[in-house]
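One structure is given here, and the rest of the page talks about it.
Every chain is numbered from 1, with letters handed out A, B, ... down the list of sequences. Hydrogens, waters and symmetry mates are skipped; everything else that's a heavy atom, side chains included, is used.
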4 protein chains.
Amino acid sequence: MATDAKTTRRNNILEKALAIFAKKTFQETTIAEISKAARVSEATVYEYFKTKEELLFAIPEKITREAIEEFEKVLPYLTGAESRVRAIVQAYLTLYHNNPEYSSLVMLQLKTNRRFLQTRAYKLIQSIAGRLLDCINDGITEGVFKKNTDPYLIRAMLLGTIEHLCIRWHLFGRPSNLADYVDPIMDLTFNGMRTRPAGKNLSIHLHLPRDVTLTHEMLSPEDNHS
Amino acid sequence: MATDAKTTRRNNILEKALAIFAKKTFQETTIAEISKAARVSEATVYEYFKTKEELLFAIPEKITREAIEEFEKVLPYLTGAESRVRAIVQAYLTLYHNNPEYSSLVMLQLKTNRRFLQTRAYKLIQSIAGRLLDCINDGITEGVFKKNTDPYLIRAMLLGTIEHLCIRWHLFGRPSNLADYVDPIMDLTFNGMRTRPAGKNLSIHLHLPRDVTLTHEMLSPEDNHS
Amino acid sequence: MATDAKTTRRNNILEKALAIFAKKTFQETTIAEISKAARVSEATVYEYFKTKEELLFAIPEKITREAIEEFEKVLPYLTGAESRVRAIVQAYLTLYHNNPEYSSLVMLQLKTNRRFLQTRAYKLIQSIAGRLLDCINDGITEGVFKKNTDPYLIRAMLLGTIEHLCIRWHLFGRPSNLADYVDPIMDLTFNGMRTRPAGKNLSIHLHLPRDVTLTHEMLSPEDNHS
Amino acid sequence: MATDAKTTRRNNILEKALAIFAKKTFQETTIAEISKAARVSEATVYEYFKTKEELLFAIPEKITREAIEEFEKVLPYLTGAESRVRAIVQAYLTLYHNNPEYSSLVMLQLKTNRRFLQTRAYKLIQSIAGRLLDCINDGITEGVFKKNTDPYLIRAMLLGTIEHLCIRWHLFGRPSNLADYVDPIMDLTFNGMRTRPAGKNLSIHLHLPRDVTLTHEMLSPEDNHS
DNA sequence: AATGAATGAGGGTTCATTCAT
DNA sequence: TATGAATGAACCCTCATTCAT
């Protein structure tokens, strides 16, 4: 069996703890409150988690691990740096949006907690960020992303945007749907905010004579980067 | 006089408090430690600040106000949405870089503090963010920024990137110089990361049947934003 | 059989408990640690001993009982109060020296524990002290020990010395060998520390007038202790 | 003024703490109880003493220091190793007898506490024990104590006897008066418990004829030690 | 205005002990 | 019989805050 009684109870505590940690500060949250919510004694909480902080850090570990596992299944199907980057951004936004308590905890409390950086959970989170960087570098190598840009900056921009939106979502309730931002973010990041007189979103309407059929061979664009 | 004895003492407390709050958590910092650093009694701290939290919130108020005053002097000289946006980004990065204790406090503790949002200091910070939004909207109106982009998202991207870099700077010590990132950020935000296959250097080789002559009318490019 | 599986397990727990109690305080020692050392569950410890304190008190009982049994075999062969007293002192010092964990426990923790005085183990220890008192009284009756000395004080001196040495041995590691102290203690206790200017070899030269003849009746020595 | 308000309050806490520590174990004693007895808040106790253990150790420090100061005034007036040794023994017994709570604490809890050995209070106690050793050595040098005895053993015997009696006094209420034991202890230690067939306390009753007057010249004892 | 002194309020953590299996 | 699991009950200690001087 995947979940025995012990695991169930552990998960129960984690779940209730998440709900409370997400609403209050770590400091404001008491073990008493958590144990009460989980309908166990305070001592029982300490049976499963050595300290209050360990309990705190155990929460993102579980969720992050599951999210990564899930995501790793999808990634192999995606080809091309752009779609992979997009997929990662989508994964972040979806995860945060679908798990508001989790994202609140991560964004408002863990991300700036120095001790969290020493955590297994953080290592997991880092691994996805590493994946993102890999994809960006792949894109540069492949030529779909500009050669002379700092991949770290690109990542910072993507993650920074996501985080900023997520934090505002939690603090102000806006925007209401994070997941809606995948494409806008991708577009902005890929193409920039500046209009292009001869710019990128160009579409060419070819009004071809009726008797001309456009075949595939007719159209062979070539990359010639600056 | 602008600074009498009381103001001096108050500023002294603020200064010492900043230094300590920047190193430790709000919770970890004690009034005892601050009063010791400021060489006054704990009770004296309470003469100037009603609560520990009020003291915390009083710190960014002073620095932010000064930074804004400074910046407001410069802004009128800048014309054009792009240069104004750039100026604001630069102002942020410079302020954060030159005041590490301040930026550490803001990034790691205040930005995620719900009660901070009710603060005069926060209103000030918000005013700059409002200015940034104005500039972006101006740029859209002026036509230098794309019409169909969300100005809020653009701002989120700019601020998010700045914050992300700043946080990493504090937590990991990298990058070493925030101010260096003004231009890279502007370039990336303005132009995007994507090379433009259909971009400036794009060439489409149309292998049209011989009897088809390409006329000007056949080709009518249009902006069609996603 | 004297030792079935249960007894074996019980003795195992006792043994491990002794080792730990001897190193730490009773309060510092946890059942968890003992059970771990004995490779049984905590609940099992409670199968054999009702409380932690009962476990503590069960330890000296076993060792003391065995030591007494051993000693009782020897005592009948000893004649004369002096040699019997000496034998008891030697028995104490040898027992303490050969069982450092036991003596540490007794000296540093049990001897001053009021509840230990209600214990069967204590009764056993007392019985030897009683024997010592008997021997001292015998010696007084026999005339080898001074009549007007307090036998309780003599015993207090012997036991106090032994205990003092034993405690110092445990706390400071000196002296290194308790058993070496049997004879010095006996000598000091029997003969005292004082040199005797008017000592054993005293001779009094009585220059009596010539006409006085010393008769036997004139000379009747009596003990008169101070 | 020798005792300002702060010292008074501190002493009050010490006094109440002593009363309670003497009745219960250190572990059994709670700060709550002490603070209640001293009519201050628990927090106030911690204003004066960093930890419960520091409070415990502060008690003997005060009493021991005062006792030593007192004793040091007397010692210079005493000449001769014997009288000085006797004085120290008397000082011990008197101190313990007059301060039963203190002696209970020292005998039943502190003497066997390993951390107490690192204490200033212990250093003070040690200093008296050092004085005792000095006196014993002086006596050996002066020839009033036997040359070939171990001065450490003599001290162990004196202190061990005192401690043993004191512990029994606390645990069993006997003997009722410790101070009565000064002379018996001294006699026993000096002269030993053994009767001396040719021994020292011999007195010879000379029933001389009436007409014989014993003159000083008649009696000329000579030292001739073995 | 400045502070020494006092404290109320609170929470994390530890374990001996129990009990159902 | 053995034990995994659960918990009740305690307590030390910290500090922000107050107030009389």
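- Counting only distance, with no hydrogens or angles, the side chain of C:Asn113 and the backbone of C:Arg115 share a donor-acceptor pair below 3.5 Å.
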Where do C:Asn11 and C:Thr8 land on the side chain to side chain donor-acceptor pair (under 3.5 Å) test, with the steps shown first?
CA-CA 5 Å; C:Asn11 284 343; C:Thr8 302; over 6 Å; no
Dump the intermediate steps for side chain to side chain contact (heavy atoms under 4.5 Å, CB included) on B:Lys62 and B:Leu14, then the final yes or no.
CA-CA 9 Å; B:Lys62 184 169 177 294; B:Leu14 280 175; 4.1 Å; yes
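- A:Lys52 is linked by a salt bridge (charged side-chain N to carboxylate O under 4.0 Å, His left out) to nothing, counting only residues two or more places apart in sequence or in another chain.
- D:Ser104 pairs by the side chain to side chain donor-acceptor pair (under 3.5 Å) definition with nothing, not counting sequence neighbours.
- Legend: residues meeting salt bridge (charged side-chain N to carboxylate O under 4.0 Å, His left out) with A:Arg114, ordered by chain and number and at least two apart, are absent.
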Read 5' to 3' with Watson-Crick or G-U pairs under 3.5 Å, [ ] for crossing pairs and | for partners on another strand, DNA chain E gives .||||||||||||||||||||
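- Residue whose closest nucleotide on DNA chain F sits further toward the 5' end, between A:Tyr48 and C:Arg9: C:Arg9.
- Contact check of residues 52-62 of chain D against DNA chain F (heavy atom, cut-off under 4.0 Å) returns D:Lys52.
- Tested against B:Phe26 for a ring-ring contact (aromatic ring centres under 6.0 Å, His included), the candidates B:Phe116, B:Phe57, B:Phe21 yield a single pass: B:Phe21.
- A side chain to side chain donor-acceptor pair (under 3.5 Å) check over residues 17-30 of chain C, counting only residues at least two apart or in different chains, returns the pairs C:Lys24-C:Glu33, C:Thr25-C:Glu28.
- C:Arg65 pairs by the side chain to side chain donor-acceptor pair (under 3.5 Å) definition with C:Glu61, not counting sequence neighbours.
- Atoms CZ (A:Arg10) and C1' (F:dG4) sit 17 Å apart, rounded to a whole Å.
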Do any side-chain atoms of residues 43-51 of chain C form donor-acceptor pairs under 3.5 angstrom with protein atoms, and if so which ones, sequence neighbours left out?
from: C:Thr44; atom 1: OG1; to: C:Ser41; atom 2: OG; distance (Å): 2.9
from: C:Thr51; atom 1: OG1; to: C:Glu53; atom 2: N; distance (Å): 3.3
from: C:Thr51; atom 1: OG1; to: C:Glu54; atom 2: N; distance (Å): 3.0

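- A heavy-atom distance below 4.0 Å to DNA chain F is reached by these residues of residues 14-41 of chain D, ordered by number: D:Thr29, D:Thr30, D:Ile31.
- The CD1 atom of A:Ile13 sits 13 Å away from the P atom of F:dA5 (whole-angstrom rounding).
- The salt bridge (Lys or Arg N to Asp or Glu O under 4.0 Å) analysis of residues 9-19 of chain A, with sequence neighbours excluded, yields no pairs.
- Listed pair A:Lys6 / F:dG4 fails the phosphate criterion, with no side-chain N or O lying under 4.0 Å from OP1 or OP2.
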What nitrogen or oxygen pairs link the protein and nucleotides 18-21 of chain F at under 3.5 Å?
none

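- Note: B:Ile34 CD1 to B:Leu18 CG = 10.0 Å, rounded to the nearest 0.5 Å.
- Checked against side-chain contact (heavy atoms from CB on, under 4.5 Å), A:Gln126 has the following partners two or more places apart in sequence or in another chain: A:Tyr122, A:Lys123.
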